[in-house]
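Just so it is clear, the structure is predicted and the values come from calculations on it, not from any experiment. Counting convention: from 1, in listed order, for ligands and their atoms alike.
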Amino acid sequence: MKKIITLAACFIAGILSYAQNDIASKAKALLAKMTLQEKIGQLNLIIPGGAAVTGSVVSNDVENKIRQGKVGGLFGITSPEKIRKVQDMAVKESRLHIPLIFGLDVIHGHKTIFPIPLGLSASWDMGLIEQSAHIAAKEATADGLNWAFSPMVDIARDPRWGRISEGSGEDPYLGGEIAKAMVRGYQGKDMTKQDALMACVKHFALYGGAEAGREYNTVDMSRIKMYEYYLPPYKAAVDAGAGSIMSSFNEIDGVPATGNKWLLTDLLRKEWGFKGFVVSDYTSLNEMTNHGVGDLQTVAAQALKAGLDMDMVGEGFLTTIEKSLKEGRVTVADIDRACLRILEAKYKLGLFDNPYKSIDETRPAKDILTAENRAAARKIAAHSMVLLKNQNQLLPLKKSGTIALVGPLADNKRNMLGTWVVAGDWNKSVSVLEGVKNVAPGINVLTAKGANITDDHFFASRANALGEEVTFDSRTPQAMIDEAVSVAAKSDVVVAVVGEAADMSGESASRADISLPESQLNLLKALKRTGKPLVVVLINGRPLTLVWENNNADAMLEAWAPGTEAGNAIADVLFGVYNPSGKLSATFPRSVGQIPIYYNHKNTGRPFDGKGFPKFKSNYLDESNDPLYPFGYGLSYTNFEYSPVMLSNASPKGDTKITATVTVTNDGKYAGEEVVQLYITDPVASVTRAVKDLKGFQKIALQPGESKEVSFTIGTEQLSFFNSDLKKVWEPGKFIVHIGTSSSNVKSAELNWSR
Ligand code: NOJ
């Protein structure tokens, strides 16, 4: 059997390498026919005016450039009609008829919008995450596209950074698994298929490490930290076959990523064997001049030599590379290398065989925003929600009686989709009010806005840069609160839907204060004073500081920005149609002063055990070290009991494998799903290690009273780490295996692994 599998694997590998060679030779043959200008043209990615513009510069003279072969790809436009028109220009009117590649920021869905990526990651459900990417690919290709600027796999440990919403949180293992699932979902097994979208992994690299969580800020970190915590998700996406990578805005070791040879060639190509192409971020090539490493011609030459293949929007390659060639600053081989990679990508997508492969005017009506896609969005959104608190089992709510549904996000469609929904239409989203009426039609719902998202006009004007997400009621804040309080007084339970406007997180949306805006906190305080049971539903794009809310609400549900089916999914969870199973993928701090705060921190030389205030320990005078909610945390309407951890062998030797097993029992009243998490501690090593690291997880479903054994295989791979030579090694000795329901609630067993 093993032999047959090996033979089959060799056969498939043979076919793949044959296909790769075939593509390479076709691309070379085409390259041989190209003029220098045409080659440089392929390196140029533009965004026409009138498109979904996602940066501060727009390309000009687009049509002529396409006809002259000065464009390799285009982004920001959608619909088969528009894309056909542009593809016609390239294929019918340019000298060599080279098709264009069409990209877009398809981030968490195309037109059927799924939860923001941070929310998706909280599902810990790789099947559903892959499905969301596959549906996005189907819709985006139906809209004429073939390239998605996703997945974003930047590890983030700082919730002040607005783009934490676009990633999968703080953990490299979880982030890596999600990166793979997204690439599979977009690209499928064969990128020539009509519904396959080429993935673009971003932002390479370490963009989430921006100092102080301030957007586009400097990144400076040790190699060990990079290799151990920040690079693995990009590597996982490369291993999964991602077709392209986007360089990041930040610098690494003092060299901007877009022109960083160590990053783009030594690490990405030589160490990781990446075969696709690298595109810059929006004008990040030009912005190297602001970083202070030279003028445009200098940085363009540097970036090309470093391994950048395609230049997004800024036309630094188009306008300077020919001159640099004449001056000997770049070689023809540098240009050919980049051009070949882009041609190869177009071959991989099947665009030379059929440049119109995803352009079919009948597809949008059949494939976009279908009932099936919306049903998947509803399910996936419900699976991404995290139950943060549920005192006295207040949730699930009964589908009878009267509820007060209040808060600025309760009867609000505008802010349900979250950030980065270039093609999404918020008018198509379901508000929480609509969802509650759909799911619990027999209930009496009283509503009141209660507060503006914020009363701070300065903050609102910035958050509204992309549209009017924060609106101001004509009434005074007190009048709005009074109305909400009177509605609450007539109800059995209060559900307050509060949080952030969609673009209070996302790109260029860093916050120095990540608490609930004061207007909404005042509303919650007034509601609390009514003495009615208080459920807080949070719509937001990042971990928030929620100490008052946690101390005072009876129940809290983190719903993120749930997407098109927001209201239905929230109501499904509130009324127990779906028992929540999400777990946080990013730590929620108690206060901003604790940031960066993450579960896989180091022990330090003076660790604090959390008891009292011992002087000269690693702690704060005025704050606890503990987060409000740890990584991996999330409650259920039922209760899961964990048995002690059983090891198949507590003293393994050498390169062997053992299993660690727990029995998980649902001893509550509801059927539910649980994410069983495996962590390992390496207490003594040649370099300092984190207090624990996630090494595996399984999502299981249990009926009330049911038990399941959950086993994890542990080998030396799970013990390995990067040592001070950046070699991945394992060192013999003691390890602690933890299995549990969150990073801070585990059962543990010790083992001794010898050589
Ligand atoms: C800038 C963003 O950083 C990136 O994520 C996005 O894909 C590009 N703009 C294109 O819109």
I need the nearest protein heavy-atom contact for [atom]: residue, atom name and distance, please.
{"atom": "atom 6 (C) of ligand 1", "value": "Asp105 OD1, 3.2 Å"}
{"atom": "atom 5 (O) of ligand 1", "value": "His203 NE2, 2.6 Å"}
{"atom": "atom 4 (C) of ligand 1", "value": "Asp281 OD1, 3.3 Å"}

Legend entry - N or O pair under 3.5 Å between Thr54 and ligand 1: yes
Legend entry - For Lys202, the ligand 1 atoms whose distance to one of its heavy atoms is below 4.0 Å: 4 (C), 5 (O), 6 (C), 7 (O)
Legend entry - Under 4.0 Å to a heavy atom of Met246 - the qualifying atoms of ligand 1, by number: 4 (C), 7 (O)
What I want to find out is whether [X] reaches [Y] closely enough, with some N-O distance under 4.0 Å, to be called a salt bridge.
{"X": "Lys235", "Y": "Glu271", "answer": "no"}
{"X": "Asp266", "Y": "Lys261", "answer": "yes"}
{"X": "Glu139", "Y": "Lys111", "answer": "no"}
{"X": "Lys138", "Y": "Asp195", "answer": "no"}

Under 3.5 Å, is there a donor-acceptor pair between the [X] and [Y] side chains?
{"X": "Thr319", "Y": "Glu315", "answer": "no"}
{"X": "Asn464", "Y": "Ser461", "answer": "no"}
{"X": "Glu215", "Y": "Ser510", "answer": "no"}

Legend entry - Side chain, backbone, both or neither: the part of Glu215 lying under 4.0 Å from ligand 1 by heavy atom: neither
Inset, instruction - For ligand 1, indicate whether the residue Trp420 contacts it via side chain, backbone, both or neither (heavy-atom separation under 4.0 Å). - result: side chain
Inset, instruction - Compute the minimum heavy-atom distance from Arg163 to ligand 1 and say whether it is under 4.0 Å. - result: yes
